[in-house]
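Residue numbers begin at 1 in each chain, while the letters A, B, ... track the order of the sequences.
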Amino acid sequence: MDPAGLPRAELIEMMIGRRAETVSFGMPVVDRAREVLRVEGLYAPDRVHDVSFSLYAGEILGLYGLVGAGRTELARLLVGAEQAERGAVYIHGSKARIGSVADSLYKYSMGYVTENRKEEGLLLESAVRTNLGITIWERIVGKFTRRIDDRAETQAAQALVAALDIRTTGLEQEVNHLSGGNQQKVSLGKWLAAGCDILIVDEPTVGVDIQAKAQIHRLLWDLAAKEGKAIILISSDMPEIIGLAGRILVFKDKQIVHEIAEIHEQGLSYDEVSRRIGLHLN
Amino acid sequence: MRHNDAGIALSAGLLFVGCALSSESFLSAYNLFNISRIVAFSVLVALAQALVLVAGGMNLSVGAIGGLATITTGYCIQVLGLPGWLAALVALGIGGAAGWINGVIITRLQINSFIATLATLFVFTGLVHGFSEGYAYTDIPREFTFLGRQKFLGLSNLFWTMVLVLLATHYAFRHTVFGRRLLATGGNQEAARLAGINTDRMILLSHVLSPPLAALAAVAGVSRMGSPQRATGTAWLLPSFAVAIVGGTGLAGGRISALGLLLGAVIIVLIKNGLVMLEANVYYEQAFLGSIILLAVVVSRVRDLYGGRSGG
């Protein structure tokens with residue numbers, strides 16, 4: 001509970017002198033009939049303890065919690081970067097065996113945008129082209145020559161640079177030299193190049209300028225609402241997660257402790273959602 | 001040609017002109033043939049190192065693997081009576097097997113490549129000594145001279161073999177999924193893994209593919225000397241790093257240049273050649289090579305710190 005019983009938004013306003021910026025794009029288009037991902041009793045010691053939930057086509061599912069609550073750990077288990085001890089993951093209704101990130105990408109069309117783009121998300125000393133194309137090489141390679149089709153790679157990279165408004169001097173520029181926001185777009189872009197159905201984005205706007213942040217929000221919304229992608233949004237940015245996610249799972253001590261559903265449908269206010277999240281975190 | 005390669009090419013060109021001007025015998029047919037042979041030899045050994053460096057590792061046992069390949073060649077020809085080409089293939093295979101052992105230790109047991117290959121350096125060297133028991137195979141047929149003594153267009157056959165190997169290397173790293181994934185693995189292993197690259201497999205493959213090149217150099221050595229020298233490989237470690245690093249293969253991984261390796265080898269070979277001509281004390285050679293490595297690393301570090309950012 002907030003001190004003095006003040007509504008959270010008012011408290012923030014008193015502290016920082018302005019209302020927290022909220023994000024709003026209207027009504028989501030979730031297809032409840034298409035369960036894209038189902039997690040049942042996923043357990044890995046010190047990471048997640050018996051986590052179960054479903055994710056639907058067109059949905060942005062928010063995971064909120066403190067650092068270490070199990071959200072990033074869950075993401076890494078889902079994409080095969082680490083292995084769970086027990087529990088099951090179903091993708092499009094069938095049980096998935098995800099032994100590596102390669103499995104999650106090539107077999108299950110799933111991508112993970114890491115929270116540490118410099119350490120885990122980018123080849124900093126490689127070109128924008130390489131960083132965007134890395135997930136499609138296998139698809140655009142000649143059968144016998146094993147030669148990557150440079151033109152296909154260029155086209156894919158150029159299309160993403162245009163679509164994501166990545167500010168770069170060209171495809172050959174090292175991502176090292178890009179701003180944080182543009183690096184983040186590249187880190188995310190490689191999964192769009194691969195055409196992933198399921199995207200897990202971890203703190204997608206940390207260290208990103210305001211304009212790029214708004215662009216990334218719009219992009220995530222459109223991917224879900226217009227293209228029917230299923231998105232898991234891990235974020236500690238309250239306005240971001242409340243504005244984008246139609247449903248929020250609250251994580252605490254490696255478990256899901258609360259679910260807030262139909263946020264947009266019921267027209268739940270920012271204050272109401274943040275109050276309920278706060279109730280379960282303390 | 002990349003910017004880095006241009007600088008190396010300039011140095012190599014200057015050294016070549018310098019050597020040609022200061023010695024009348026430098027441009028003689030025999031000396032050029034001989035230099036082509038030594039350059040090819042250095043490139044193969046350095047490439048064996050570079051293929052591992054590029055994936056973010058290192059291989060201290062390249063020389064020991066060369067030693068293994070050397071006695072394997074001798075044993076196959078003299079004791080088993082195999083034809084030379086088959087003996088050479090077996091030697092390459094033994095090299096690959098030794099590299100596979102390195103790769104498995106590194107990827108499965110998660111031991112860093114420095115420690116793993118330091119240990120196998122001694123294991124392999126011990127095997128060479130134990131197996132040959134100090135006895136050199138001397139009964140190598142005269143026909144086994146294709147790589148080491150014969151030439152084509154005035155340059156050693158080994159040189160042309162090396163050219164083919166470098167062209168294949170260039171193609172692999174520039175154009176193929178395998179090469180690009182190896183570069184990505186060396187550039188940032190965790191990012192590569194999280195982008196769907198099986199990085200353990202790439203590292204294992206780099207360790208399996210590189211030693212056959214060292215083995216090829218060893219076979220060429222047998223072919224040149226007419227007998228397998230048990231000491232083959234004991235002095236390869238330093239030059240393998242020197243040529244690779246001068247040639248633009250970073251110690252940190254993620255970078256390699258086939259042309260750079262060739263030019264790096266030319267530079268190192270000509271510097272050694274030059275030291276002989278200047279009548280410098282040959283016993284100091286290792287000190288020179290070590291200093292060159294240090295210089296190359298410092299230059300690349302300075303370039304990273306100051307030069308590289310200007311493009312931003």
Engineer: Can you tell me if A/Arg38 has over 12 outside heavy atoms packed within less than 6.0 Å of its CZ?
Structural biologist: yes
Engineer: Using a 4.5 Å cut-off on heavy atoms from C-beta on, say whether the side chain of B/Arg180 contacts that of A/Val141.
Structural biologist: no
Engineer: In terms of heavy-atom proximity below 4.5 Å to chain B, should A/Asp150 be classed as side chain, backbone, both, or neither?
Structural biologist: side chain
Engineer: Could you pull out the closest heavy-atom pair between B/Ala191 and A/Gly121, with the gap in Å?
Structural biologist: CB-N, 4.1 Å
Engineer: Please flag which part of A/Ser104 lies under 4.5 Å from any non-hydrogen atom of chain B: side chain, backbone, both or neither.
Structural biologist: neither
Engineer: Are A/Arg146 and B/His175 packed together at the side-chain level, in the sense that at least one heavy-atom pair is separated by less than 4.5 angstrom?
Structural biologist: no
Engineer: Please confirm whether the backbone N or O of A/Leu122 pairs with a side-chain atom of B/Asn188, one donor and one acceptor, at under 3.5 Å?
Structural biologist: yes
Engineer: Would you check if A/Arg147 and B/Thr176 make a side-chain contact, meaning some heavy-atom pair closer than 4.5 Å?
Structural biologist: no
Engineer: Got B/Gln189 and A/Glu120 here, is their nearest side-chain heavy-atom distance under 4.5 Å?
Structural biologist: no
Engineer: Give, as side chain, backbone, both or neither, the part of A/Glu153 having an atom under 4.5 angstrom from any heavy atom of chain B.
Structural biologist: side chain
Engineer: Looking at A/Ala81, is its backbone amide N or carbonyl O close enough to the side chain of B/Arg193 to form a donor-acceptor pair, meaning the two atoms are under 3.5 Å apart?
Structural biologist: yes
Engineer: Ring of A/Trp137, cation from B/Arg181 - is the NZ or CZ under 6.0 Å from the centre and inside 45° of the axis?
Structural biologist: no
Engineer: Is there a side-chain contact between B/Leu194 and A/Arg76, using heavy atoms and a 4.5 Å cut-off?
Structural biologist: yes
Engineer: Relative to chain A, which segment of B/Tyr171 carries a heavy atom at a distance below 4.5 Å: side chain, backbone, both, or neither?
Structural biologist: side chain
Engineer: Using the side chain to side chain contact (heavy atoms under 4.5 Å, CB included) criterion, which residues pair with B/Leu183? Sequence neighbours excluded.
Structural biologist: B/Val54, B/Phe173, B/Ile256
Engineer: Who passes side chain to side chain contact (heavy atoms under 4.5 Å, CB included) against B/Ala184, sequence neighbours left out?
Structural biologist: A/Leu123, A/Ile134, B/Ala192, B/Ile197
Engineer: For each of A/Glu119, A/Lys190, A/Lys118, tally heavy-atom pairs with chain B at distances under 4.5 Å, and name the one with the top tally.
Structural biologist: A/Glu119
